[in-house]
2 protein chains.
Amino acid sequence: MASQRGEGETTTTPAEPADRERARAIPEAAVARLAVYLRVLSGMADQGVTAVSSEELSQAAGVNAAKLRKDLSYIGSYGTRGVGYDVEVLVSHIERILGLTRNHSVAVVGIGNLGHALANYGGFPGRGFPVTALFDVDEDLVGIPVGGIPVSHIDDITAVCLEREVSIGVIATPPPAAQSVCDRLVSAGVQCILNFAPVVLQVPDNVEVRKVDLAVEMQILSFHVARRADEAASVSVGNNGLGVDGMVIRP
Amino acid sequence: MASQRGEGETTTTPAEPADRERARAIPEAAVARLAVYLRVLSGMADQGVTAVSSEELSQAAGVNAAKLRKDLSYIGSYGTRGVGYDVEVLVSHIERILGLTRNHSVAVVGIGNLGHALANYGGFPGRGFPVTALFDVDEDLVGIPVGGIPVSHIDDITAVCLEREVSIGVIATPPPAAQSVCDRLVSAGVQCILNFAPVVLQVPDNVEVRKVDLAVEMQILSFHVARRADEAASVSVGNNGLGVDGMVIRP
DNA sequence: CCGACTTTGTGCATGCGTTCACAAGCGGTA
DNA sequence: TACCGCTTGTGAACGCATGCACAAAGTCGG
Ligand SMILES: NC(=O)c1ccc[n+]([C@@H]2O[C@H](COP(=O)([O-])OP(=O)(O)OC[C@H]3O[C@@H](n4cnc5c(N)ncnc54)[C@H](O)[C@@H]3O)[C@@H](O)[C@H]2O)c1
Ligand SMILES: NC(=O)c1ccc[n+]([C@@H]2O[C@H](COP(=O)([O-])OP(=O)(O)OC[C@H]3O[C@@H](n4cnc5c(N)ncnc54)[C@H](O)[C@@H]3O)[C@@H](O)[C@H]2O)c1
């Protein structure tokens with residue numbers, strides 16, 4: 001039911017494909033950072049930089065240098081001691097680990113405010129994520145091209161997803177429709193879902209979901225201001241108690 | 001320079017104001033989940049639900065029940081053993097901890113594809129995050145209302161932010177402009193930034209930044225498909241075990 | 001060819017976050 | 001009132017991630 005990480009796997013690693021087997025051991029947090037390193041490295045490559053040290057790269061990526069080296073060590077040892085890393089080499093290794101050696105076709109469902117923005121965004125194709133299908137229930141939208149791609153009707157989702165080999169589904173519908181859309185994507189064989197609707201999606205174990213919840217992001221920020229305000233209050237007022245039943249306000 | 005967590009803090013926690021002092025101890029990850037619980041609880045309240053058990057709530061929020069109880073314990077003990085939690089009570093306590101007892105005015109900078117979507121989105125005001133200011137460099141956009149709010153020129157950012165008491169700045173400009181916009185927001189006194197541009201922002205210690213990077217999200221998804229594909233390959237090929245050089249995985 | 005210098009890769013300790021498991025506490029019932 | 005069953009709240013164990021510190025490994029100048 002629940003987590004099921006390593007499944008059956010009685011096996012230890014076979015000798016040869018150490019490269020990909022290694023992938024399983026990469027911490028989730030490190031994967032997210034590898035994607036950031038990749039972006040930074042790509043930028044450097046574009047500017048003609050050919051080599052980079054862990055110190056430089058870590059600064060550019062906004063992380064600790066030791067952490068960066070450890071992250072890179074998860075994917076192998078491709079640096080040169082005393083020198084640093086070859087940018088090209090690193091880029092290609094990270095791309096391989098992240099599975100970016102092939103394109104991942106993306107479908108956007110719900111062509112409203114957000115869906116339009118996503119469909120019109122030019123940043124995805126260049127990074128290996130071409131948007132190849134758009135879906136909506138609204139008959140008035142069906143057939144109209146957005147960002148160069150005509151909107152399909154949601155009822156055709158299975159056929160279209162299979163035909164265009166969609167591997168990532170993006171949900172940008174209103175919350176009530178999200179679960180149903182998700183189910184449809186799953187039955188169309190989509191195994192990766194990026195969800196913008198503020199809803200907890202229910203999916204089978206073999207489907208990976210990531211959510212982007214802007215309200216939550218803002219609330220986290222809100223928490224930090226509140227905390228900071230309280231700290232300030234504690235310090236300046238001397239914090240002589242009184243906090244009793246809570247509801248302390250701002251300085 | 002770098003992290004600076006607990007800083008000067010020679011003080012131990014004073015006795016009384018346990019309520020807010022507690023806030024400092026809440027793990028970052030728990031804060032994010034609290035926001036999710038809040039959303040779920042609000043939905044329940046709207047449907048007339050008055051009480052909920054940790055089991056029910058955790059299922060609705062998609063997390064482990066024990067984790068949920070621990071998360072709630074960070075903000076105090078407001079449940080009733082043998083019964084569960086009062087929805088109203090929980091909502092108001094979480095809101096207080098997250099600093100949602102007052103509104104947080106939001107400014108969006110960069111009214112392009114994404115900026116339009118954000119400005120038009122109706123979900124923020126209802127959650128205590130009214131969008132009160134929009135900025136762009138494009139003269140053609142300035143003055144035009146989007147989502148009911150006229151776009152201001154980026155050069156007026158300081159005055160407008162101060163006037164409207166903006167507490168959260170959202171960056172939706174092209175990457176090259178992001179750092180400069182960020183700097184302007186900071187000098188306008190904004191201490192919370194939500195960044196959509198794929199750029200690592202440099203900010204002073206007293207400013208909180210959260211980033212939303214869709215390309216990174218997709219690359220993480222990509223990693224998981226690749227990993228899964230490899231596992232499948234390993235299994236189907238037989239992978240009859242006997243790992244040689246160690247690196248045991250999980251049972 | 002050697003020695004000094006630079007930077008990687010990683011073992012280890014530390015801290016944070018998650019999960020388990022259970023005593024404590026409460027409402028309901030007889 | 002006393003008991004019973006249910007659910008909370010949390011101590012403690014575990015596992016993962018972070019950061020330090022240094023040996024290993026390579027470059028470069030002489
Ligand atoms: N716009 C934003 O900035 C923003 C911010 C945060 C979260 N969100 C979330 O993103 C989602 C989309 O937001 P939006 O502002 O674009 O909404 P929207 O109302 O503008 O667009 C929703 C679109 O989905 C379509 N739709 C509805 N039901 C559908 C179904 N069953 N199948 C396919 N399409 C369907 C509608 O026809 C509409 O075109 C919402 O869940 C919202 O909460 C949006
Ligand atoms: N649209 C998406 O779905 C999407 C997805 C992922 C990431 N992003 C990122 O979000 C950002 C915005 O994307 P977009 O598609 O809306 O871009 P866009 O080009 O449509 O809009 C950018 C807007 O910013 C304005 N701008 C430029 N420089 C500015 C400055 N110095 N000050 C104020 N405004 C300025 C432009 O005039 C334009 O209106 C980009 O960094 C992009 O990489 C967007």
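Numbers restart at 1 for each chain; the letters A, B, ... are given by sequence-line order, proteins then strands.
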**Student:** So if I take residues 52-63 of chain A and measure heavy-atom distances to DNA chain C, which residues fall below 4.0 Å?
**Tutor:**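 The stretch gives A/S53, A/S54 as the residues lying under 4.0 Å from the strand, ordered by number.
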**Student:** Roughly, in whole Å, what's the span from CG in A/L68 to C1' in D/dG19?
**Tutor:**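 Taking atom C1' of D/dG19 as the reference, CG of A/L68 is at 13 Å.
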**Student:** Starting at atom NE2 of B/H93, determine the distance to atom C1' of D/dT8, rounded to an integer number of angstrom.
**Tutor:**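 The distance from NE2 of B/H93 to C1' of D/dT8 comes to 15 Å, rounded to the nearest Å.
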**Student:** Taking for each residue the nucleotide of DNA chain D with the nearest heavy atom, is it B/A66 or A/D71 whose nucleotide lies nearer the 5' end?
**Tutor:**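 Counting from the 5' end, the first nearest nucleotide belongs to B/A66.
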**Student:** Any salt bridge linking B/R210 with B/E28? Criterion: basic side-chain nitrogen under 4.0 Å from a carboxylate oxygen.
**Tutor:**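 Result for this pair is yes, salt bridge flagged.
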**Student:** Dump every N/O contact between nucleotides 22-24 of chain D and the protein below 3.5 Å, one line per pair.
**Tutor:**
{"from": "D/dA24", "atom 1": "N3", "to": "A/R81", "atom 2": "NH1", "distance (Å)": "2.6"}

**Student:** When rounded to the nearest 0.5 angstrom, what distance separates NZ in A/K211 from CG in A/N195?
**Tutor:**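 Going from the NZ atom of A/K211 to the CG atom of A/N195 covers 9.0 Å.
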**Student:** Just to verify, which of B/F129, B/F196, B/Y121 counts as forming a side-chain contact (heavy atoms from CB on, under 4.5 Å) with A/L214?
**Tutor:**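 Going through the options one by one, the only one that passes is B/F196.
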**Student:** For A/K67 and C/dG11, what is the distance between atoms NZ and C1' respectively, to the nearest whole Å?
**Tutor:**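 Rounded to the whole Å, the gap is 19 Å.
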**Student:** Are a donor atom and an acceptor atom from the side chains of A/Y37 and A/D71 found within less than 3.5 Å of each other?
**Tutor:**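 There is such a pair (donor and acceptor under 3.5 Å, judged by atom type) between the side chains of A/Y37 and A/D71.
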**Student:** Could you tell me which non-hydrogen atom of A/L221 sits nearest to which non-hydrogen atom of B/C192, and how far apart they are?
**Tutor:**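 Smallest interatomic distance, heavy atoms only, reads O-SG, 3.7 Å.
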**Student:** Roughly how many Å is it from NZ in B/K70 to P in C/dA21, rounded to a whole number?
**Tutor:**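 My rounded result for the distance is 14 Å.
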**Student:** In whole angstroms, how far is the P atom of D/dA17 from the CD atom of A/E28?
**Tutor:**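 The answer, rounded to whole Å, is 9 Å.
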**Student:** Nearest to the side chain of B/P27, heavy atoms from C-beta on, is which of C/dC12, C/dG17, D/dG9?
**Tutor:**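 The closest nucleotide is C/dG17.
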**Student:** D/dA17 phosphate, OP1 or OP2: any side-chain N/O from A/Y74 under 4.0 angstrom?
**Tutor:**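 Checking A/Y74 against D/dA17: no side-chain N or O falls below 4.0 Å of OP1 or OP2.
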**Student:** Report the distance from atom CD1 of A/I75 to atom C1' of C/dG9, rounded to the nearest whole Å.
**Tutor:**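 Between C1' of C/dG9 and CD1 of A/I75: 13 Å.
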**Student:** In this structure, how many angstroms lie between the P atom of C/dT6 and the OH atom of A/Y85, rounded?
**Tutor:**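 Taking atom P of C/dT6 as the reference, OH of A/Y85 is at 18 Å.
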**Student:** So, does A/Y78 get its side chain near the phosphate of C/dT7, meaning an N or O under 4.0 Å from OP1 or OP2?
**Tutor:**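 No, because none of the side-chain N or O atoms of A/Y78 sits under 4.0 Å from OP1 or OP2 of C/dT7.
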**Student:** Please compare A/N64 and A/G82 by the position of their nearest nucleotide in DNA chain D and report the one closer to 5'.
**Tutor:**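 Checking each residue's closest nucleotide, the 5'-ward one belongs to A/N64.
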**Student:** Under 4.5 Å between any side-chain heavy atoms of A/F223 and B/I97, yes or no?
**Tutor:**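 Counting from C-beta outward, A/F223 and B/I97 do come under 4.5 Å.
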**Student:** How close do B/V216 and A/A32 get, counting heavy atoms only, and between which atoms?
**Tutor:**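 Looks like CG1-O, 3.9 Å.
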**Student:** Can you name the nearest heavy-atom pair linking A/A51 to A/V87, along with the distance?
**Tutor:**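 The answer is N-CG2, 3.8 Å.
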**Student:** For a quick check under 3.5 Å, do B/R96 and B/T101 share a side-chain donor-acceptor pair by atom type?
**Tutor:**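 Side chains of B/R96 and B/T101: no pair found under 3.5 Å.
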